[in-house]
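Below is one structure, written out as structure tokens; the observations come after it.
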Amino acid sequence: MASSSALRELQRELEAKANDLSKIQKDISKNHQVRKKYTIQLGENELVLKELDLLSEDANVFKLIGPVLVKQDLAEARANVRKRIEYISAELKRLDTTLQDLDGKQNSKKETMLKLQQRAQSLQAGKAKA
């Protein structure tokens with residue numbers, strides 16, 4: 001009787017760990033999607049900066065604000081794009097760190113689940129012999 005209650009407890013613990021693992025995997029998936037979006041934005045902004053660098057200093061630059069094109073100073077436009085690139089790069093680094101942490105947690109949960117499964121199997125094997 002004691003071994004069957006221990007087995008039930010192990011199964012409950014295993015289910016809880018599986019739920020935790022599922023949540024971590026969802027977080028990893030969300031982070032990958034956000035990272036992909038930022039990577040695309042980074043590429044677009046770097047392309048814009050290259051295009052701005054090709055312009056002469058007296059060129060007209062316009063910024064789309066709502067439905068209106070507003071004239072903008074070339075130096076200001078370059079500065080804005082550089083700031084955006086810095087921000088996106090910082091966000092990508094932050095996401096990479098978060099992903100590393102989540103991967104570590106995921107591996108830890110998997111190891112814990114494997115140990116719990118082994119304990120449950122050994123309990124079942126012991127129960128079968130008795």
Side-chain angles (χ1 to χ4, degrees):
M1 283 288 188
S3 64
S4 64
S5 64
L7 188 59
R8 279 196 299 269
E9 182 62 35
L10 275 175
Q11 287 172 339
R12 276 196 290 268
E13 196 175 337
L14 197 55
E15 286 176 24
K17 299 291 181 195
N19 288 338
D20 291 345
L21 182 61
S22 177
K23 288 176 189 173
I24 290 171
Q25 288 171 336
K26 285 179 186 174
D27 287 345
I28 288 172
S29 178
K30 282 182 194 174
N31 271 3
H32 278 298
Q33 290 173 349
V34 172
R35 190 180 190 298
K36 183 178 178 182
K37 183 182 86 172
Y38 276 127
T39 303
I40 291 169
Q41 286 181 358
L42 182 63
E44 290 171 351
N45 280 282
E46 286 173 344
L47 186 63
V48 168
L49 187 59
K50 285 179 185 175
E51 292 293 322
L52 288 174
D53 287 342
L54 294 175
L55 297 175
S56 62
E57 291 302 317
D58 61 342
N60 289 328
V61 177
F62 295 90
K63 181 177 184 178
L64 184 64
I65 300 177
V68 181
L69 285 174
V70 178
K71 193 169 184 176
Q72 190 177 29
D73 181 49
L74 180 59
E76 182 183 344
R78 284 180 182 149
N80 286 343
V81 173
R82 283 189 184 105
K83 283 181 189 173
R84 217 173 303 133
I85 288 172
E86 286 176 23
Y87 171 77
I88 293 170
S89 296
E91 284 298 303
L92 283 170
K93 285 181 183 176
R94 184 186 63 78
L95 285 170
D96 285 342
T97 303
T98 303
L99 279 170
Q100 286 177 344
D101 291 345
L102 287 171
D103 280 340
K105 287 179 183 178
Q106 180 182 20
N107 291 336
S108 172
K109 292 286 182 197
K110 283 180 179 179
E111 287 176 22
T112 303
M113 287 179 63
L114 185 62
K115 289 176 185 174
L116 286 172
Q117 286 173 336
Q118 289 170 347
R119 280 185 25 210
Q121 286 172 353
S122 67
L123 275 175
Q124 285 177 334
K127 188 177 175 184
K129 287 181 183 176

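These values consider heavy atoms only, across backbone and side chains, with no hydrogens, waters or symmetry-generated copies. One-based numbering along the sequence shown.
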Minimal non-hydrogen separation, Ser56 against Asp58, with atom names: OG-OD1, 2.7 Å
Value rounded to 0.5 Å, distance of CG in Leu92 from OH in Tyr87: 10.5 Å
Separation between CD of Glu44 and CG of Leu49, rounded to the nearest 0.5 Å: 14.0 Å
Heavy-atom closest pair, residues Tyr38 and Leu95: CD1-CD1, 3.6 Å
Worked check of side chain to side chain contact (heavy atoms under 4.5 Å, CB included) between Leu102 and Gln106: CA-CA 6 Å; Leu102 287 171; Gln106 180 182 20; over 6 Å; no
Straight-line distance of Leu14 CG to Arg119 CZ, nearest 0.5 Å: 10.5 Å
Closest heavy-atom pair and its distance - Lys105, Ile24: CB-CD1, 3.8 Å
Pairing residues for Glu86 by the side-chain contact (heavy atoms from CB on, under 4.5 Å) criterion, not counting sequence neighbours: none
Atom of Met113, atom of Leu21 and distance for their closest heavy-atom approach: SD-CD2, 3.7 Å
Pairs involving residues 25-39, ordered by first then second residue, that meet salt bridge (charged side-chain N to carboxylate O under 4.0 Å, His left out) (sequence neighbours left out): Arg35-Asp96
side-chain contact (heavy atoms from CB on, under 4.5 Å), paired with Glu51, selected from Leu54, Asp53, Leu55: Leu54
side-chain contact (heavy atoms from CB on, under 4.5 Å) involving Ser29 - partner list, sequence neighbours excluded: Gln33
Under 3.5 Å: donor-acceptor pair, side chain of Thr98, backbone of Arg94: yes
Distance in Å, Asp73 CG paired with Asn60 CG, rounded so as to fall on 0.5 Å steps: 10.5 Å
Any side-chain heavy-atom pair of Asn80 and Lys63 under 4.5 Å: yes
Any donor-acceptor N/O pair, Arg78 side chain to Leu52 backbone, under 3.5 Å: yes
From Glu111 atom CD to Leu116 atom CG, the distance as rounded to the nearest 0.5 Å: 12.0 Å
Salt bridge present between Arg12 and Glu15 (N-O < 4.0 angstrom): no
Sub-4.5 Å side-chain heavy-atom contact between Val70 and Phe62: no
Inter-residue atom distance Leu99.CG - Asn31.CG, 0.5 Å rounding: 4.5 Å
